[in-house]
Every structure is written in C-alpha cells, then in structure tokens.
Visitor: 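Have a look at this one.
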Amino acid sequence: MMDLLFTMLVPFLMLAVALWGLVKRVDLWTALTDGAEKGLKVALRIMPPLIGLLTAVYMLRASGALELLGEAVGPLLSAVGIPAETIGLLLVRPVSGSAALGVGAELIETYGPDSLVGRTAAVMLGSTETTFYTIAVYFGAAKVGKTRYAVPAALCADIAGFLAASWAVRLLF
Amino acid sequence: MAMSLIWTVMVGAAILCGLATGNGPAVAKGALDGAAAGVELCLSMMGVLCLWMGVMEVMERSGLARGLSKLLRPAIKRLYPDFARNGKVMDAVSANLSANLLGLGNAATPLGLEAARLMAEHTPGVASDGLCMLVVCNTASLQLIPTTVASVRAAAGSANPFDILPAVWLASTVSIAVGVTAAKLFARVWR
C-alpha cells in the first residue's frame, strides 16, 4: 500500500498541478509545451559534461583501480567504525548512482539485509547522493568552470554521511 | 578547474592501473562504452526532463510554486542570503528542495538546474556562494523515504525493509548539516 502510494506520487502530482492550473484558468497546454521546450535546451546543455564524466567512470571501473584502492585503505576504515567490506560502495557512490546501487545490492545479498554490513550499505545508499555526477550536471547547466569550494564542501557532506551511516546502524541495531 | 583536474586524474589512474593489472584493453573499451552511455543517459532522461519542465511551467504560471516556496522560504533565505530578494531563484530553489524531500529526483533535477542557471547569470563562469550551497544541498540526500534501497532489502528477504528509516534520517541529517556548515565556513575563507 505504502509502495503503491509512493509509486503513484508522480502521476498524482501531475494531475494535481493540472487541476490547479485549470482552476486558476492557466492555458495549461501551452504552458506544458513551452516548459518542455525549455527542457530540451537543458538536456542539450548537460549532455557534453555527462559524456565526459561517464567516459572516465567507465574507464576507472574497467581498470580495476577501485578494487586495488579498497585493499589499501580497508584497515583505515575499520579504525573509524566503517565496515571495511563497504569500501567498494564508498568509492563508487560519489561517481555513479547505478554502480553504487549494484555494489550496494551485492553487499546486501551477500551479508544479508539484516546484518551489520547489509544495513550499513543500505543506510549509506539512502543517505548520500551521486556527488560528482550532480556536480557535473549542475555546473554544466550553469556553464560554470570555476567551482570554488563546491567539491570539497560536498565531499565533507559525503564523508560525514558515510561515517554517520556506520555509526547510526551500530547505535540503533 | 576542479572538474578538469578530477577528470584528468580519473583517466590517468584508469590507464595506469589498467596497464599494471593487464586490463588495458578493457579500459580502452570502457572509454568507448562510457561515451555512449553518456549520450544514452541524457536521451533517456530527456523525456522526463521535458515533462517536468512543462509541469513546472504550469506551476509557475498558476502561482502554485509561489505558495509552495512560501512554506520553505524562511529557512531557504537564511541559506541563500545573496538571493533572498530574487523571487525566481527562491521559487526554483524551494521547489527543488521539496521535490528532493519527497524523493522525486526526476522532478528535483530540472528545478535545481533552472535555479543554477539563474544564479550563474549574476556571476558568469564562476560559482557564487549561493550556487555552491545549491550544489552541496543537491549532492546530499534529502529523500525522506528511500524506496529503491528499501525494495533491494525486501528482495533480499529482510524482516522489515523499512526499519532502516530512522538510521537513514539520522545519517542524512548529519551529512547535510556538515555540508551546509562546510559551505558556510569555506565561503568566508575561499576567494
């Protein structure tokens, strides 16, 4: 029931906006198509940075660099309370949403959804975002090259999220 | 500049590691696959992007966005003092925030991009404090109900797939608080 409600949220929202628009006597159809035209322009603007970033991410994934790095920093993670098994997730989470979901789902399956590692992986997925992808899309759309402190500040939030996810699972379960 | 550096490091690391581990050919194939995936992803999100820009246009013309943003505006004004008097920016930012909270990622992105574009008009090519804050807020997860993760847990046979919600809220709150604080601190020292 809950699932259905949230799955249907988007269409319900569309209908609500349409009805509100009719009540307010807005030329609904013209507004929709004018907006869609703006959407086309946004899509064209974000495509070049998207191509560049996904190229680099796919190369990194294929090279095996992520696994090597995991072996190197695993012990360091355990020291601050992050399960060492989640290293792969930590590394792909900021760069690829689909890769993170794949790695996280694999952890949840392997260690069990109600295990410490499985729960930590799930909370990490639920409390962080695809940082570099978001940064590329936003600054690409805004045509901004000088990003100043956006990357370090966003990474601070990510690191805090990973730590807090690990600690919250240990605290609450 | 940051993106240029990150990109170069990623490509360099992939090539070096690929050569060292004997995955060189896979790296070469990855580059081609990645470029194609970039186009595919963009095309696959184009429909939703256009749909939500259309819905947003209706919200804007009917004054709905204005009403929605009023609820969130006091908090948002404090986060974005430089744009507090810019109605268009505040509309987009607050609608972006509410869509993020509801987990409507597909709705939040076009709203956020519109806000980013409007903000950048004031300082072309350079990220203002407001734009940095917007990006930091969107790289943190604000989603109240992480449905995708819950469905993965349910598929793996969890006793209660939604029992992680309090932990997710706690971790999200810590993450966004640290991100906002870092952005505010960096804004004072970073030129």
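Order of the sequence lines fixes the chain letters, A, B, ..., with proteins taken first and strands second; residue numbering starts at 1 for each chain.
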Visitor: Please determine whether a side-chain nitrogen of the Lys or Arg among B/Arg61 and A/Asp27 lies less than 4.0 Å from a carboxylate oxygen of the Asp or Glu.
Guide: no
Visitor: Let me know if B/Ser128 has heavy atoms under 4.5 Å from chain A in its side chain, its backbone, both or neither.
Guide: backbone
Visitor: Any idea which heavy atoms bring B/Ser175 and A/Gly161 closest together, and the distance?
Guide: CB-CA, 3.7 Å
Visitor: Using a heavy-atom distance cut-off of less than 4.5 Å, which residues of residues 76-83 of chain A contact chain B?
Guide: none
Visitor: Looking at A/Phe173 and B/Ile164, what are the two nearest heavy atoms and their distance?
Guide: CZ-CA, 4.2 Å
Visitor: Given a strict heavy-atom distance threshold of 4.5 Å, which part of A/Val26 is in contact with chain B: side chain, backbone, both, or neither?
Guide: side chain
Visitor: Search all heavy atoms of B/Asn23 against all heavy atoms of A/Gly64 and return the closest pair with its distance.
Guide: ND2-N, 4.1 Å
Visitor: By a 4.5 Å heavy-atom criterion (distance strictly below it), what part of A/Thr128 contacts chain B: side chain, backbone, both, or neither?
Guide: backbone
Visitor: Sort A/Pro152 into side chain, backbone, both or neither according to what part of it lies under 4.5 angstrom from a heavy atom of chain B.
Guide: both
Visitor: Hey, mind stepping through B/Glu57 and A/Thr30 against side chain to side chain contact (heavy atoms under 4.5 Å, CB included) and telling me if it holds?
Guide: CA-CA 9 Å; B/Glu57 193 72 22; A/Thr30 308; over 6 Å; no
Visitor: Check B/Val136 against A/Ala150 and note the closest heavy-atom contact, atom names and distance.
Guide: CG2-O, 4.0 Å
Visitor: Using every non-hydrogen atom in the two residues, find where A/Tyr138 and B/Leu113 come nearest and quote the distance to one decimal.
Guide: CA-CD2, 3.7 Å
Visitor: Could you tell me if A/Asp114 and B/Ser158 have a donor-acceptor pair between their side chains, going purely by distance under 3.5 Å?
Guide: yes
